[in-house]
Each structure stands twice: as structure tokens, then as C-alpha cells.
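Notes follow the structure.
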Amino acid sequence: MDRTAQLTALPVEHHLVYDPPSLSGSLHLRAAAVLEANWTGASTVPSRGLYPHQWSWDSAFIAIGLRHLSPLRAQTELETLLAAQWGDGRIPHIVFNPSVPLDAYFPSPDFWRSSTAGHTAGAPRTVQTSGIVQPPVHALAAWLVHCADPGLSRARGFLAGVYPRLAAWHRYLLHRRDLGGGGLASVVHPWEQGMDNSPCWDAPLSRITPAPARSFRRADLDHGAAEDRPTDLDYGRYVRLATDYRDGQYADGASEFAVEDPSFNALLIASEHALARIARELGATGTARHARAERLTGVLIERLWDPAEGMFFCRDVRGETPDAGRGSLDAGRGSLDAGRGSLTGALIPERSVSGLIPLLLPDLPRDIAAALVRTASGPHFGLGDSTRLPPSYDLLGEAFDPHRYWRGPAWFNTSWLLERGLRLHGERTRAEALRDAVLETAAATDFAEYVDPYDGEACGATGFSWTAALTLDLLHEPPGHRVSGPGLGTFDMRGTEVNGTEAKGAKRVKGGDRG
């Protein structure tokens with residue numbers, strides 16, 4: 001039996017048998033042990049206590065790391081998630097494990113009522129899910145997982161199986177979620193953007209009447225200090241938004257909360273580039289998808305970039321357009337907000353790490369990339385100066401808190417994305433410094449969920465899956481690489497594999513399943 005046949009014949013519930021490089025071997029093994037401990041047989045939970053189900057963008061990041069241990073398991077991770085996709089194309093942000101007690105996590109399946117309230121939108125009947133979404137990292141993850149072991153991927157028909165689902169997912173976001181009418185996807189709940197408690201949501205959330213405190217029980221406080229979590233007022237607003245969305249049969253467009261977010265749309269654009277690579281691998285040209293990604297980059301700049309502030313901002317689609325001249329956020333970009341009826345809403349004047357994430361886009365203009373680097377390393381984020389890892393929110397902002405959920409702490413997934421962007425745009429020294437800081441902090445905190453950006457103190461859960469997974473991904477790139485792993489035909493447009501033949505300049509990724 002040849003190697004590919006052996007791999008495809010292996011059962012899914014296999015143990016990881018891993019032979020890490022001799023350098024940093026201990027950290028490799030520790031990261032692998034976290035992913036093994038959080039594996040359920042078909043997917044990986046973010047953490048056993050606080051997050052006992054499958055989360056959408058977590059699984060994408062987890063698959064990116066798992067590909068170095070077991071490409072088969074990484075493929076399974078994504079396939080399990082995509083099996084819960086709704087008929088309208090949305091990928092739900094939670095796929096519930098029926099063996100977990102209902103009171104272990106809120107909102108639980110009986111809150112979302114996906115199979116009944118989501119019937120019109122095509123929610124699956126055989127599995128319970130939430131009704132909202134999370135950032136679209138999935139096509140990027142699928143392409144990287146394929147590159148880890150192309151032979152195994154082709155033998156299993158991995159890309160052929162996931163491509164139609166990923167295409168439907170992007171179609172849903174680009175059409176059903178273009179609530180501002182300008183071409184970008186909107187989120188209809190803070191949980192969708194992934195940075196749940198960001199101060200960016202304070203203004204649009206202020207219009208929402210919170211659900212009564214007695215109408216729900218917060219399970220998250222069983223696992224973390226209240227001063228580090230969202231306030232009861234904010235949580236009540238989260239519950240109200242989700243309740244109204246559910247009671248409206250998960251139809252898009254009616255919510256009072258609709259925000260165009262830079263990182264959500266940047267990840268959609270990066271994944272559109274990846275989807276073009278997948279299409280080429282499957283025999284199509286991918287030209288239209290690359291063109292769409294390039295067009296969306298232009299729209300992202302047009303709608304969310306502020307040249308005076310040197311970063312991207314969220315747009316409150318339901319907010320009132322401010323008068324031109326109301327400060328640098330709008331006065332410096334009058335062509336965007338003043339006299340342009342087609343551009344709805346107003347920019348939200350809060351500096352979040354989300355506004356730096358578009359640095360990962362390959363066709364970002366050079367002056368904008370340079371401005372983002374200056375902003376990241378300046379006083380508002382302090383990268384490479386006052387902070388070990390990039391904070392989730394403005395160090396100088398009134399709402400900054402180094403420990404409160406997404407209002408200041410540093411996260412490993414956003415650090416990983418920024419490392420990719422820095423490396424892609426030629427900032428190798430900064431990228432190496434950030435890579436080293438991520439690895440050192442992950443090791444010192446036992447793969448914490450998030451950390452104090454100043455001193456790296458662990459916050460939230462430990463043994464967190466995406467922290468371990470992205471640590472593995474960074475460990476598998478020797479220091480000094482000119483182009484990061486996602487640069488292989490995804491962020492970097494300089495070459496890729498097409499239908500089994502390497503294009504000029506492409507770098508083949510070698511790998512094999514060690515399960």
C-alpha cells in the first residue's frame with residue numbers, strides 16, 4: 001500500500017505522534033499536547049472549561065496549526081465545521097456538542113433554536129448551531145491545509161469537497177450582508193466580529209435596549225473574574241440583539257446594529273484570494289476571484305481608511321453621518337463622508353487592532369502599508385516599544401483596560417495576523433521581533449487565551465487551542481523567512497501551485513500526516 005493510501009485509510013480518531021525539530025522541541029510538544037487534549041474526535045474545542053463546543057474562526061486558526069501535526073486532522077476540523085453550514089451559505093459561529101450540558105455555556109442551543117427559528121434560512125436539522133457568524137478565515141485555512149500535504153488532500157478530494165461550501169459562504173457575506181450598500185460585509189452582532197467587547201461597539205450598542213438581567217444567566221463568569229469580562233449592561237445588549245435576530249428568523253437587514261469592520265473584511269479579502277488559489281488547483285482560472293479581492297481592497301480603503309489617523313476604522317452603518325469638519329477622523333477624509341450619499345453611516349472614532357489587520361492584504365498600496373506600520377509602532381499601540389504584543393485597543397483611549405476582554409489585552413491570533421502583514425510588506429525585523437514575542441509569551445503563559453500587552457501576564461483560560469496552534473505555525477517557519485507561510489500563493493501573489501504544477505517562483509511546502 002502506498003503512503004497516500006495508508007494515510008487516507010487511517011481512522012479519524014487517531015493520536016498525534018509527532019517528531020518536532022530538535023530546536024524548541026519542548027514548546028512544540030507542549031503545543032501539540034494542548035491540541036490533543038482539546039480534540040473531541042471530530043473537532044477541537046477552544047478550551048475545555050469556558051468554550052466546550054466548536055467555534056468557527058477558532059477552528060480555522062486551529063486547522064492552520066494542526067496541518068503541521070496532522071493534515072488529516074486539520075482537514076477533518078474544517079470539514080466538521082462546514083457540515084453545519086446553513087442553506088443560505090452562512091457558517092454558524094458555534095456548532096454545539098450535544099453531549100455537553102445545556103447550562104455549561106450560554107447562549108445554549110435552546111436559546112438559538114437554530115433548527116426552528118433558522119428553518120427559513122436553511123439551518124441544518126441534524127445539528128444545533130448558533131445563528132450568527134464569525135470572521136471568514138476558512139478559505140485561507142483550507143488552502144494552507146491543502147499545501148501542507150497536497151497528495152493527501154487530492155486523494156481525499158478535500159478541496160473539491162469544501163470549495164462549493166466556501167464559495168456559498170463568501171456569496172452570503174458579499175450579498176446578504178452588504179447592509180451599507182458599498183460592497184463590504186456588515187456584522188450584525190459584536191460576537192460576529194470576534195472582538196466581542198471592543199469599545200468600537202459602545203456607540204452602536206448604546207441604541208440597543210438591554211435584555212433584563214433576570215432573563216439569562218452568564219456562564220462565562222464561572223470561569224473568569226467579572227472585572228475581566230463584559231459588563232452586565234453590555235451582555236444584556238448582546239442578548240437582546242441575538243434574541244431579536246432569532247425572533248426575526250435570522251433574516252438580515254432589520255437589525256439596529258450593523259457595522260462594517262476592517263479586520264472582518266480584510267480576512268474576507270484574504271480568503272477570497274485563497275479561494276482563487278483553490279479554484280486554480282481544481283482546474284478553473286481563479287481570475288475573477290482575484291479581481292474581486294482587488295476590487296474589495298479598494299472598497300475597504302474607500303469606506304474605512306482614514307489617512308489623517310493612519311489606520312482603518314469601523315463604520316456604523318446605522319449611525320448618522322457626521323458633518324464634515326468634525327475633527328480629523330472626518331475632516332481629513334471629507335471625500336469619503338461629506339457629500340457622498342452612497343456611503344451610509346459614520347466612522348467610529350475608536351482605535352482598535354482591527355484597524356491594523358488589513359496590513360495582511362497583498363495589494364494594499366505602499367503608502368497605506370507604511371502608515372499602518374507607523375501607527376502600530378506609535379504611541380497608540382506601542383508595538384516593539386512599550387508593549388510585548390499588540391494591544392486589542394488604543395493604549396491612550398479612555399476605555400483602555402489591559403485585562404478586560406478585548407478592551408486592551410493582547411491576543412495571539414491578531415498578533416499572528418500582524419506578523420504576517422509585517423513580513424509580507426518587507427518589515428522583516430519587526431516581524432521577527434513580534435514572532436519571538438509571541439513564542440516567548442505563549443510558552444511563559446501556558447498558551448493563555450489573552451495577555452496583558454505590557455508584561456505578558458496571562459488572562460482568561462490557559463491551554464487555549466488557537467494559541468497553541470498558531471505557536472506551532474510560527475515554530476514551523478525558520479527565523480529569517482522572507483515570505484510567511486500564508487504568503488504561499490495567498491497573501492503573496494508571487495507564485496503558487498496550479499493543477500499540480502508549480503508556477504514560477506513558487507515554494508513547495510512539504511509535509512505528511514504523522515498520525
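All heavy atoms count here, side chains included; hydrogens, waters and symmetry mates do not.
Taking the six-membered ring where tryptophan is involved, the planes of H476 and H68 are essentially parallel, since the angle between them stays under 30° and well short of 60°. Classification of the W411-Y450 ring pair by plane angle, with boundaries at 30° and 60°, yields parallel.
A side-chain N or O of T129 and one of W86 form a donor-acceptor pair less than 3.5 Å apart. Using a 3.5 Å distance cut-off with no hydrogens or angles, the side chains of T297 and D363 do pair a donor with an acceptor. Side chains of T80 and S43: a donor-acceptor N/O pair is absent below 3.5 angstrom, by distance only. For T120 and Q249, the side-chain atoms include no donor-acceptor pair closer than 3.5 Å. Looking at E350 and S198, their side chains never bring a donor and an acceptor atom within 3.5 Å of each other. Between the side chains of Y172 and R177, at least one donor N or O lies within less than 3.5 Å of an accepting N or O. E449 and Y51 share a donor-acceptor pair across their side chains, judged by distance under 3.5 Å alone.
Remark: the backbone N or O of M195 is paired with a side-chain donor or acceptor of W201 at under 3.5 angstrom. Using a distance-only test at 3.5 Å, with no hydrogens or angles considered, a donor-acceptor pair links the side chain of T471 to the main chain of T467. Between the side chain of D316 and the backbone N or O of G345, no donor-acceptor pair lies under 3.5 Å. A donor-acceptor contact shorter than 3.5 Å is absent between the side chain of E309 and the backbone of M311. E77 places a side-chain N or O within 3.5 Å of a backbone atom of T44 that can act as its donor or acceptor partner. No donor-acceptor pair under 3.5 Å is formed between the side chain of S415 and the backbone N or O of L389.
The CZ atom of R420 sits 10.0 Å away from the CG atom of L434 when rounded to the nearest 0.5 Å. Between the CG atom of L359 and the OG atom of S263 there is a distance of 13.0 Å, given to the nearest 0.5 Å. For the atom pair CZ of R435 and CZ of R423, the computed distance is 7.0 Å after rounding to the nearest 0.5 Å. Interatomic distance, F264 CZ to C314 SG, rounded to the nearest 0.5 Å: 11.5 Å. Distance check: Q134 CD to S59 OG gives 9.5 Å after rounding to the nearest 0.5 Å. From Q54, atom CD reaches atom CD1 of I94 across 10.5 Å, with rounding to the nearest 0.5 Å.
Counting heavy atoms from C-beta outward, R125 and H119 have side chains that approach closer than 4.5 Å. Contact annotation: the side chain of L418 never approaches that of L360 to less than 4.5 Å [non-hydrogen atoms, C-beta and beyond]. Looking only at side-chain heavy atoms (C-beta outward), L300 and P358 come within less than 4.5 Å of each other. Under the 4.5 Å side-chain criterion, counting only non-hydrogen atoms from C-beta, N97 is not in contact with V45. Side-chain atoms of L275 and W143, non-hydrogen and from C-beta on, never get closer than 4.5 Å to each other. Residues V162 and F158 are in side-chain contact: their nearest non-hydrogen atoms beyond the backbone lie under 4.5 Å apart. Contact check for Q128 versus V95: no side-chain heavy atoms found under the 4.5 Å cut-off. Here the side chains of V133 and I91 are not in contact, with every heavy-atom distance at 4.5 Å or above.
Contact between V188 and E192 at its shortest, heavy atoms only, is N-OE1, 2.7 Å. When all heavy atoms of S186 and L179 are compared, the pair lying nearest together is OG-CB, 3.8 Å. Between L439 and L474, the closest heavy-atom pair is CD2-CB, 3.9 Å. Residues L152 and L72 come closest through the heavy atom pair CD2-N, 3.7 Å. Taking all atoms of both residues into account, the shortest heavy-atom contact from A431 to L422 is CB-CB, 4.0 Å. Minimum interatomic distance between A293 and I269 (heavy atoms only, all atoms of both residues): O-CG2, 3.5 Å.
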query = Please walk me through it: do H93 and S56 pass side chain to side chain donor-acceptor pair (under 3.5 Å)?
reply = CA-CA 5 Å; H93 97 296; S56 172; over 6 Å; no
task = Could you please spell out the steps behind the side chain to side chain contact (heavy atoms under 4.5 Å, CB included) verdict for L27 and L475?
result = CA-CA 9 Å; L27 188 56; L475 285 171; 4.0 Å; yes
Step-by-step side chain to side chain contact (heavy atoms under 4.5 Å, CB included) determination, I301 to F312 = CA-CA 8 Å; I301 295 168; F312 291 86; 4.2 Å; yes
request  = Check the pair S465, N38 against side chain to side chain donor-acceptor pair (under 3.5 Å), reporting the backbone distance first and the verdict last.
outcome  = CA-CA 7 Å; S465 289; N38 291 341; 2.8 Å; yes
task = Go through the steps to decide whether I348 and R315 satisfy the test side chain to side chain contact (heavy atoms under 4.5 Å, CB included), and finish with yes or no.
result = CA-CA 6 Å; I348 298 171; R315 177 175 289 276; over 6 Å; no
task = Evaluate the criterion side chain to side chain contact (heavy atoms under 4.5 Å, CB included) for residue pair L81 and W57; output intermediate values, then yes/no.
result = CA-CA 10 Å; L81 177 68; W57 78 324; over 6 Å; no
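Between R430 and E419 there is no salt bridge, since none of the side-chain N atoms of the basic residue sits less than 4.0 Å from a carboxylate O of the acidic one. Under the 4.0 Å criterion applied to side-chain N and carboxylate O atoms, R156 and E79 are assigned as salt-bridge partners. A salt bridge links D473 with R67: at least one charged nitrogen is closer than 4.0 Å to a carboxylate oxygen. Between E272 and R289, at least one side-chain N (NZ, or NE/NH1/NH2) sits under 4.0 Å from a carboxylate O, which counts as a salt bridge.
Residues that satisfy the ring-ring contact (aromatic ring centres under 6.0 Å, His included) test with Y245, not counting sequence neighbours, are Y250. When the side chain to side chain contact (heavy atoms under 4.5 Å, CB included) test is applied to R165, the partners found at least two apart in sequence or on another chain are L82, Q85. For W169, the ring-ring contact (aromatic ring centres under 6.0 Å, His included) partners at least two apart in sequence or on another chain are H138.
Aromatic ring centroids of F412 and W416 lie 6.0 Å or more apart.
Annotation for R176: atom CZ does not count as buried by contact number, only 12 or fewer foreign heavy atoms lying within 6.0 Å.
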